[in-house]
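Both backbone and side-chain heavy atoms feed into the values below; hydrogens, waters and symmetry mates do not.
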Amino acid sequence: MTTTAEPAKQIQTFYEPVLPYLGEVKARLSAIVPPDSQLLAESLHHSLSGGGKLLRPVVGLLAGGATGTLTPHHFETAAVSEMIHIATLLHDDVLDDADLRRGRKTVRAVWGNTVSILSGDYLLAQASRKLAQVGNIRIVAIFSDVLADLCDGEVEQIRGSYNVDVIDWDSYYRKSVCKTASLFRAACESAGVLNGLPESQIQALATFGKNFGIAFQIVDDLLDYTSSESEMGKPVLDDLRNGIVNAPILLALQSDELSDDERESFRVHIRRLFASEEGDDVAQPIAGIQGYLEKTGAVAETQALADRFIRDGLAGLDFMPPSAERDALFGLGRFVIQRRT
């Protein structure tokens, strides 16, 4: 039987080529904590010590190491990618009224919404400062696009919240690219820019990062149905309870395995879950939703969709010479679609 420690150990093997440099990234993250504001320092320390995998910095560093020599500018942009990621989590927790993240109290739960928002804003300000220090206008533009995308994606998610009749694949992909994939894309694209690669290779890295991020989001959707609360630190079907229609639901709704009556029954179960309040008995709609997911094979289809995005992204990286970083990047791409947390 696979234990939760085994995946953690496995993913660590893909980090090995850049482990010596992660200390540089962590040092840059620690250095942004303000010495003069105890409250802000406490909230940022809480956020930065949350046990995150530093996945976005690692992907960027592997892309940089596989295509050139890593420099302090690579470490700065890697730190920026993590700062922006954490800032979005701080803001998302306020938007979602979230008290827990990965089984741990959020900043808003401990210090309130205002501190959570301002802590996120502070991180974005520090990220902007670091980008200015890199001194590359294109890198600034790349990450500025990410910030715009994050806002766009959040609005797109709000537009479709609690409405199973609004979300379609165009909306889903737009939200996924903006909220998740854009930051992976930026981490990879900026690595290529810093290494002075030909434009075709920079774009191949950007495409890989985008596809990696979409696949990551699709698997995240899948885990909402297949993982346990102890593994994910949140209830099963948590996204759907919060009004978010994701990939398995979309695949099931369009399946030829459902009759028109079954499709409408499926929607009714989803609407009932949307309308539920804390303390309500939701066993029946959850069972109904899971039954239709099983009938349509939506879980397997979702996994296949994530596989396809990773394969397409990796196909563009054949220009990379053999190296430990290249092998780790390819391995991480394949691993991320098999993860359980």
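Put simply, the side chain of Ser265 never gets that close to the backbone of Asp261: no donor and acceptor are under 3.5 Å apart. One N or O on the side chain of Arg263 and one on the backbone of Leu258 form a donor-acceptor pair closer than 3.5 Å. For the pair Thr106 (side chain) and Ala98 (backbone), a donor-acceptor distance under 3.5 Å is present. Although no hydrogens or angles enter the test, the distance criterion places no donor-acceptor pair under 3.5 Å between the side chain of Ser37 and the main chain of Pro34. Side chain of Arg104 to main chain of Arg101: no donor-acceptor pair is present (N/O by atom type, distance under 3.5 Å, no hydrogens or angles). The main-chain N or O of Glu24 is found under 3.5 Å from a side-chain atom of Arg28 such that the two form a donor-acceptor pair. The backbone N or O of Leu95 sits nowhere less than 3.5 Å from a side-chain atom of Arg108 that would complete a donor-acceptor pair. Of the possible donor and acceptor atoms, one in the side chain of Ser43 sits under 3.5 Å from a partner among the backbone N and O of Leu40. A donor-acceptor pair is defined here as one N or O able to donate and one able to accept, closer than 3.5 Å; such a pair exists between the side chain of Thr67 and the backbone of Ala63. For Asp99 (side chain) and Ala109 (main-chain N/O), no donor-acceptor pair under 3.5 Å exists by modelled atom type.
Residues Phe319 and Leu205 have side chains in contact (heavy-atom distance under 4.5 Å, counting atoms from C-beta outward). Asn242 has its side chain out of reach of Asp96: every pair of non-hydrogen atoms, C-beta onward, lies at least 4.5 Å apart. Side-chain atoms of Leu147 and Ile84, non-hydrogen and from C-beta on, do get closer than 4.5 Å to each other. Proximity of Tyr172 to Ile249: side-chain heavy atoms (C-beta onward) are nowhere separated by under 4.5 Å. Contact annotation: the side chain of Glu82 approaches that of Leu29 to within less than 4.5 Å [non-hydrogen atoms, C-beta and beyond]. A 4.5 Å side-chain heavy-atom check between Arg308 and Asn211 finds every atom pair outside the cut-off. Val245 is not listed as a side-chain neighbour of Val166, based on a closest heavy-atom distance of 4.5 Å or more. The side-chain heavy atoms of Ile270 and Phe266, taken from C-beta on, include a pair separated by under 4.5 Å.
The hydrophobic cluster containing Val33 also contains Leu22, counting ILVMFWY residues as joined when their side-chain heavy atoms lie under 4.5 angstrom apart, directly or transitively. In terms of hydrophobic clustering, with Ile, Leu, Val, Met, Phe, Trp and Tyr side chains grouped at heavy-atom distances under 4.5 Å, Leu131 and Phe184 are assigned to a common cluster. Both Leu317 and Ile337 are assigned to one and the same hydrophobic cluster, defined by single-linkage of ILVMFWY side chains at heavy-atom distances under 4.5 Å. Both Val110 and Leu48 belong to a single network of hydrophobic side chains, linked directly or stepwise wherever heavy atoms of I, L, V, M, F, W or Y lie under 4.5 Å apart. Linking ILVMFWY side-chain heavy atoms closer than 4.5 Å, directly or via other members, places Trp169 and Ile218 in a single hydrophobic cluster.
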Self-check item: Pair Asp165-Arg267, salt bridge (charged side-chain N to carboxylate O under 4.0 Å, His left out): steps then yes or no
Solution: CA-CA 9 Å; Asp165 301 312; Arg267 292 176 185 273; 2.8 Å; yes
Quiz item: Going through the checks in order, is the side-chain contact (heavy atoms from CB on, under 4.5 Å) test met by Asp307 and Gln338?
Solution: CA-CA 9 Å; Asp307 293 347; Gln338 301 167 353; over 6 Å; no
Practice problem: Test side-chain contact (heavy atoms from CB on, under 4.5 Å) on Ile167 and Asn163 and set out the steps. | Solution: CA-CA 7 Å; Ile167 298 299; Asn163 193 335; over 6 Å; no
Practice problem: Take His74 and Thr71, measure what side chain to side chain donor-acceptor pair (under 3.5 Å) needs, and give me the verdict at the end. | Solution: CA-CA 5 Å; His74 289 90; Thr71 68; 3.0 Å; yes
Quiz item: What do the steps show when you test Leu89 against Ser47 for side-chain contact (heavy atoms from CB on, under 4.5 Å), and what is the final call?
Solution: CA-CA 9 Å; Leu89 299 183; Ser47 301; over 6 Å; no
Practice problem: Walk me through it: do Glu189 and Arg138 pass the test salt bridge (charged side-chain N to carboxylate O under 4.0 Å, His left out)? | Solution: CA-CA 10 Å; Glu189 183 179 356; Arg138 182 168 177 181; 3.5 Å; yes
Exercise. For Gln203 and Glu199, run side chain to side chain donor-acceptor pair (under 3.5 Å): C-alpha distance rounded to whole Å, both residues' side-chain angles, the deciding distance at 0.1 Å, then the answer.
Key: CA-CA 6 Å; Gln203 290 308 311; Glu199 188 60 33; 2.8 Å; yes
Practice problem: Dump the intermediate steps for side-chain contact (heavy atoms from CB on, under 4.5 Å) on Trp111 and Ser116, then the final yes or no. | Solution: CA-CA 7 Å; Trp111 290 282; Ser116 189; over 6 Å; no
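Ring-centre distance between Phe309 and Tyr173: below the 6.0 Å cut-off.
Distance OG/Ser30 to CG/Leu44: 11.0 Å, rounded to 0.5 Å. Remark: Leu150 CG to Leu183 CG distance equals 6.5 Å, nearest 0.5 Å. Once rounded to the nearest 0.5 Å, the distance linking CG of Asp145 with SG of Cys178 reads 10.5 Å. One finds the CD atom of Glu262 at 9.5 Å from the OG atom of Ser255 (value rounded to the nearest 0.5 Å). Taking CZ of Arg271 as the start and CG of Leu273 as the end, the distance is 13.0 Å to the nearest 0.5 Å. In this structure, CG in Leu305 is found 9.0 Å from CD1 in Ile214, a value given to the nearest 0.5 Å.
For the pair Arg56 and Phe212, the cation-pi test (distance below 6.0 Å, angle within 45°) is failed.
Between His269 and Tyr292, the ring planes lie tilted relative to each other; the angle falls in the 30° to 60° range.
Glu154 pairs with exactly one of Arg174, Lys179, Arg159 by the salt bridge (charged side-chain N to carboxylate O under 4.0 Å, His left out) rule, that one being Lys179.
Nearest heavy-atom pair, Ser190 versus Ile139, reported as atom, atom and distance to 0.1 Å: CB-CD1, 3.4 Å. Scanning all heavy atoms of the two residues, the minimum distance from Asp280 to Glu277 falls at OD2-N, 2.7 Å. Ala87 and Gly120 get closest at one heavy-atom pair: CB-O, 3.5 Å. Closest approach of Ile142 and Ala186 over heavy atoms only: CG2-CB, 3.5 Å. The two residues Phe330 and Met320 make their nearest non-hydrogen contact at CE1-SD, 4.4 Å. When all heavy atoms are compared, the tightest approach of Val177 to Arg185 is CG1-NH1, 4.0 Å.
A 6.0 Å sphere centred on CD of Gln254 holds more than 12 heavy atoms belonging to other residues, nucleotides or ligands. Few gaps surround NZ on Lys175; more than 12 heavy atoms of other groups in view lie less than 6.0 Å from it. Summarising the local packing, CZ of Arg129 is surrounded by 12 or fewer heavy atoms from other residues, nucleotides or ligands at distances under 6.0 Å. Annotation for Gln38: atom CD does not count as buried by contact number, only 12 or fewer foreign heavy atoms lying within 6.0 Å.
Side chain to side chain, Gln217 and Ser176 fail the donor-acceptor criterion of an N or O pair below 3.5 Å. Side-chain contact of Asn246 with Tyr225: a donor-acceptor pair under 3.5 Å is present, judged by distance alone.
Remark: Tyr21 pairs with Phe75 by the ring-ring contact (aromatic ring centres under 6.0 Å, His included) rule, at least two apart or across chains.
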